[in-house]
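One structure is given here, and the rest of the page talks about it.
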2 protein chains.
Amino acid sequence: MYAELARQLTAIGAVKRELARTLPPECPPGSAAVLAVLDRHGEMRLSRLTELLAIDISVTSRHVAHVAERGWIAREADPGDGRSRILRLTPAGRALLLELGARSTAALKRTLGDWAAEDITLLTTLLARLRSSF
Amino acid sequence: MYAELARQLTAIGAVKRELARTLPPECPPGSAAVLAVLDRHGEMRLSRLTELLAIDISVTSRHVAHVAERGWIAREADPGDGRSRILRLTPAGRALLLELGARSTAALKRTLGDWAAEDITLLTTLLARLRSSF
DNA sequence: TATTGTTATACTCTATAACTATA
DNA sequence: TATAGTTATAGAGTATAACAATA
């Protein structure tokens, strides 16, 4: 049972790659993830973003630098701590995120069109639960 | 609905990384995937393996070279086509696979110990279905 | 001419370690 | 001294394109 789940988890990479192909060249998956988290959870500092992405802070730092250079997020001084900055989506970042959402939704709708809505919701819920278990 | 599924799919990378950490240094995830497919579907040529892994054939070629160098698979001449070779697990490869399965199972059991068996099966089934939809 | 693989190159993601600046 | 970030370096996965060998 566990072995089969492990197999499916590794094989799911193909699906993720398909979704990644819908992204514009300027916005690699790592950038999209940063924008999505900031949109969902609001402004935050780098360490908090690192926790939510579950990657090393050095990786987060590079992703953030990438999206900041393109004007999709702003880094403002943290009034309470001179070592960190507050990260926040800009209007341009929000607009891009809308576009990305439309693309991935279209891709999923195209390939999952024959799924029952309840099954999609169920899968989403189970994935969220799996993630929180780790 | 689709957007939320897309988000969970990208976030699931953290879980995959956790599982990957259980692998021995000599056997990166790509190698493990090759061995798993050969174990599940039996001997085959590179092009077939490429289909099953859903990656580019150039990538498959490198993964296969890696596991072949370590003696985990054998590449025998294809009697029907001089351009390709038949890939098959060796006893050493099979033994390694057993070890890998034990490790990933232990890791999943540790973190998913409080899940109902039906939920694990359900998640596995839905992931398989998602993959086949793509 | 078409197909099967291989190899060179490049890009993205990730982690570790060393380092700077501030608390 | 401890913490927040940054940067350099290295390892792994993947795709594209050019190429060799065989069908």
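Here is how names work: the chains are called A, B, and so on, in the same order as the sequence lines, proteins then strands, and each is numbered from 1. Values below: every heavy atom of this structure, side chains too, minus hydrogens, waters and symmetry copies.
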Contacts under 3.5 Å, N or O only, protein and nucleotides 18-23 of chain C:
| residue | atom | partner | partner atom | Å |
| --- | --- | --- | --- | --- |
| C:dA23 | OP1 | A:Gly82 | N | 3.0 |

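No donor-acceptor contact under 3.5 angstrom links the side chains of A:His63 and A:Ser31, judged on distance only. For the residue pair B:Arg103/B:Thr22, the side-chain donor-acceptor check at 3.5 Å is not satisfied. Judged purely by distance below 3.5 Å, without hydrogens or angles, the side chains of B:Thr90 and B:Trp72 never pair a donor atom with an acceptor atom.
With rounding to whole Å, B:Arg17 atom CZ is found 13 Å from D:dG13 atom C1'. One interatomic measurement links the two molecules: CZ of B:Arg85 to P of D:dT22, which rounds to 12 Å at whole-angstrom precision. The interatomic distance linking A:Glu18 (CD) with D:dT14 (C1') rounds to 13 Å, in whole Å. Taking atom CG of residue A:Asp56 and atom P of nucleotide D:dG11, one finds them 17 Å apart after rounding to whole Å. Nucleotide C:dT12 holds its P atom 18 Å from the CG atom of A:Leu19, rounded to whole Å. In this structure, the NE2 atom of A:His66 is 17 Å from the C1' atom of D:dT6, given to the nearest Å. Taking atom CG of B:Asp78 as the reference point, atom P of D:dT22 lies 13 Å away to the nearest angstrom.
None of A:Leu89, A:Leu52, A:Leu53 except one satisfies the side-chain contact (heavy atoms from CB on, under 4.5 Å) rule with A:Val34; the exception is A:Leu53. Under the side-chain contact (heavy atoms from CB on, under 4.5 Å) rule, B:Leu130 has a single partner from A:Thr111, A:Leu127, A:Leu112, which is A:Leu112.
Taking only distance into account, the side chain of A:Ser61 never meets the base of D:dT7 through a donor-acceptor pair shorter than 3.5 Å. One cannot find a donor-acceptor pair under 3.5 Å joining the base of C:dT14 and the side-chain atoms of A:Ser58.
A salt bridge is defined here as a Lys NZ or Arg NE, NH1 or NH2 lying under 4.0 Å from an Asp or Glu carboxylate O, and A:Glu4 with B:Arg40 meets this definition. With respect to B:Asp78 and B:Arg83, no salt bridge is recorded, no charged nitrogen being found less than 4.0 Å from a carboxylate O. A salt bridge is absent between B:Glu18 and B:Arg110: the closest approach of a Lys/Arg side-chain nitrogen to an acidic carboxylate oxygen does not fall below 4.0 angstrom. Comment: A:Arg70 engages A:Glu26 in a salt bridge, judged by a side-chain N to carboxylate O separation of less than 4.0 angstrom.
When the side-chain nitrogen and oxygen atoms of B:Arg75 are compared with OP1 and OP2 of C:dT4, none of them lie within a distance under 4.0 Å. At least one side-chain nitrogen or oxygen of B:His63 sits closer than 4.0 Å to the OP1 or OP2 atom of D:dT14.
Residue B:Arg62 is classed as a base contact, given a heavy-atom separation below 4.0 Å to a base.
Contacts between residues 21-29 of chain A and DNA chain D, defined by a heavy-atom separation under 4.0 Å, are made by A:Arg21. Using a 4.0 Å cutoff on non-hydrogen atoms, the parts of residues 32-55 of chain B near DNA chain D are B:Ile55, ordered by number.
Hydrophobic cluster membership is shared by A:Leu35 and A:Val59, with clusters built from Ile, Leu, Val, Met, Phe, Trp and Tyr side chains linked at under 4.5 angstrom.
The shortest heavy-atom contact between A:Leu19 and A:Ser104 is CD2-O, 4.3 Å.
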Next item on the list: Mind running side-chain contact (heavy atoms from CB on, under 4.5 Å) on B:Asp39 and B:Arg94 for me, showing each step along the way?
Entry: CA-CA 8 Å; B:Asp39 182 53; B:Arg94 218 172 286 278; 3.3 Å; yes

